[in-house]
Amino acid sequence: MSLAVQIRQHGGPEELQLVDLAVGEPGPGEIRIRHHAIGLNFIDVYHRTGLYPLAMPAGIGMEGAGVVEAVGAGVTHLQPGDRAAYASQPPGSYCEVRVMPARCVCKLPDAISFETGAAMMLKGLTAQYLLKKTLPVQGLQSGDYVLFHAAAGGVGLIACQWAKALGLQLIATAGSDAKCRLALENGAAHAINYNTEDFAARVKEITGGQGVKVVYDSVGKDTWDKSLDCLRPFGLMASFGNASGPVPPFAPGMLGAKGSLYVTRQTLFTHMATRASTQAMADDLFAVVQSGQVKIHIAQRYALRDVQQAHRDLEARKTTGSTILTL
Ligand SMILES: NC(=O)c1ccc[n+]([C@@H]2O[C@H](COP(=O)([O-])OP(=O)(O)OC[C@H]3O[C@@H](n4cnc5c(N)ncnc54)[C@H](OP(=O)(O)O)[C@@H]3O)[C@@H](O)[C@H]2O)c1
């Protein structure tokens with residue numbers, strides 16, 4: 001049996017209920033993992049509210065770290081006793097122990113703790129594919145400017161550090177002066193409080209009127225329009241989230257008028273479609289974390305039974321960096 005968090009219908013944090021679930025043996029391509037820590041992500045809020053609908057009853061959570069207890073037929077990259085961590089579908093990581101697909105689960109290097117593993121897989125692999133694989137047609141060169149919204153959050157603080165390691169000048173936005181300071185301490189070249197400043201005007205000022213080559217935008221509805229005004233000609237608008245609500249429909253002709261812009265909507269699990277691509281991305285993340293160039297900031301810890309409060313705080317923009325649930 002496992003203590004687990006389930007929802008029976010979409011709704012507020014109060015829908016997150018603790019239940020006891022029977023856990024069986026892993027089938028072909030599956031493992032059973034006992035969690036030591038669980039990662040909290042904004043996508044968990046979309047799953048809970050129904051912005052991304054789930055069949056009911058549903059588990060929540062897509063990130064965790066622990067010890068592999070059993071492996072099913074055909075699983076060759078993991079064995080019982082291995083330390084492991086993952087970002088994976090389907091949702092269901094808010095639990096003590098689970099059976100799940102093995103494909104996205106990676107062996108965790110001994111030098112990386114379970115808590116760090118749980119705090120970094122979904123967010124760090126996202127920062128990896130954004131900065132390494134979601135590029136403008138001209139590519140990104142050392143010294144280039146990029147704009148990264150919500151830069152003091154989980155994905156954001158990793159991206160600030162990784163961008164600096166790549167030689168990029170990351171312009172951060174965040175919702176308070178304290179969050180802006182945090183982004184700067186973590187490698188952002190500039191930081192803009194988008195609740196008190198006109199971020200498009202500030203970006204133009206910082207870049208000498210040129211604009212940035214890429215905008216990485218996970219805020220969505222509230223930042224979309226102005227973000228397009230931050231791009232230089234042929235720049236890339238990389239949308240990857242909707243913390244403020246989904247981006248409304250737009251007319252493609254407007255992209256021409258603003259400088260022949262490119263738009264993409266990226267999602268992590270397209271990049272993790274194969275075991276080989278998942279492992280390559282994870283190896284890159286493990287290397288940059290072990291080198292010390294990217295530090296994983298676990299700024300909030302909640303017991304699994306306090307998951308409702310964790311969701312309230314994440315949605316109320318009270319968190320910074322990564323949040324984990326402890327067992
Ligand atoms: N597509 C993908 O592959 C992928 C993968 C991972 C994450 N994501 C997206 O990336 C974003 C960051 O994820 P995360 O888990 O690291 O979360 P997070 O950044 O720690 O938290 C979300 C942040 O968004 C900002 N925000 C702006 N408007 C908001 C609003 N109306 N309500 C709540 N927050 C708002 C807040 O920062 P400020 O107070 O500074 O504004 C908040 O702290 C999320 O949108 C998530 O869905 C996408």
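All ligand and atom numbering here is 1-based and tracks the order in the structure. These figures come from a predicted structure and were not determined experimentally.
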Can you classify the ring geometry of Phe250 versus Trp224 as parallel (below 30°), tilted (30 to 60°) or perpendicular (above 60°)? tilted
Using non-hydrogen atoms of the residue, decide whether Tyr194 is closer than 4.0 angstrom to ligand 1. yes
Selected option - heavy-atom contact closest to atom 25 (C) of ligand 1, from Ala150, Gly124, Ala172: Ala150
Can you name the atoms of ligand 1, numbered from 1 with element, that are less than 4.0 Å from a heavy atom of Tyr46? 44 (C), 45 (O), 46 (C), 47 (O)
Consider every N or O of Gly175 and every N or O of ligand 1, then say whether any pair is closer than 3.5 Å. yes
Would you say Thr173 and ligand 1 have an N/O pair spaced under 3.5 Å apart? no
Would you please say whether a donor-acceptor pair under 3.5 Å links the side chains of Ser113 and Glu115? no
Regarding atom 20 (O) of ligand 1: of the candidates Gly220, Ala238, Gly154, Ala152, which has the closest heavy atom? Gly154
So, do His35 and Tyr86 have ring centers that fall under 6.0 Å from each other? yes
Is Arg265 close enough to touch ligand 1? Criterion: a residue heavy atom under 4.0 Å from a ligand atom. yes
Which of the ligand 1 atoms, numbered from 1, are nearer than 4.0 Å to a heavy atom of Val219: 27 (C), 28 (N)
Other residues, nucleotides, ligands: >12 heavy atoms within 6.0 Å of Lys164 NZ: no
Polar atom proximity, Asp222 to ligand 1 (N or O, under 3.5 Å): no
What are the two closest heavy atoms between Ala174 and Lys179, and how far apart are they? CB-CB, 3.6 Å
Do any nitrogen or oxygen atoms of Phe240 lie less than 3.5 angstrom from nitrogen or oxygen atoms of ligand 1? yes
Subset of ligand 1 atoms that lie under 4.0 Å from at least one heavy atom of Val155: 7 (C), 13 (O), 16 (O)
If you compare Tyr129, Tyr216, Phe269, Phe42 by their heavy atoms, the one closest to atom 15 (O) of ligand 1 turns out to be Phe42
Select one of side chain, backbone, both or neither to describe which atoms of Leu122 lie under 4.0 Å from any atom of ligand 1, heavy atoms only. side chain
Tell me whether Gly153 has any N or O atom under 3.5 angstrom from an N or O of ligand 1. no
Neighbour count >12 (heavy atoms, 6.0 Å) for atom CZ, Arg305: no
Side chain or backbone of His149 under 4.0 Å from ligand 1, or both, or neither, by non-hydrogen atoms? neither
Please tabulate, one pair per line, all N/O donor-acceptor pairs under 3.5 Å involving side-chain atoms of residues 181-191, not counting sequence neighbours.
{"residue": "Asn186", "atom": "OD1", "partner": "His297", "partner atom": "NE2", "Å": "2.7"}
{"residue": "Asn186", "atom": "ND2", "partner": "Leu182", "partner atom": "O", "Å": "2.8"}

NZ of Lys226: more than 12 outside heavy atoms within 6.0 angstrom? yes
Charged tip of Arg265 within 45° of Phe240 ring normal and under 6.0 Å: no
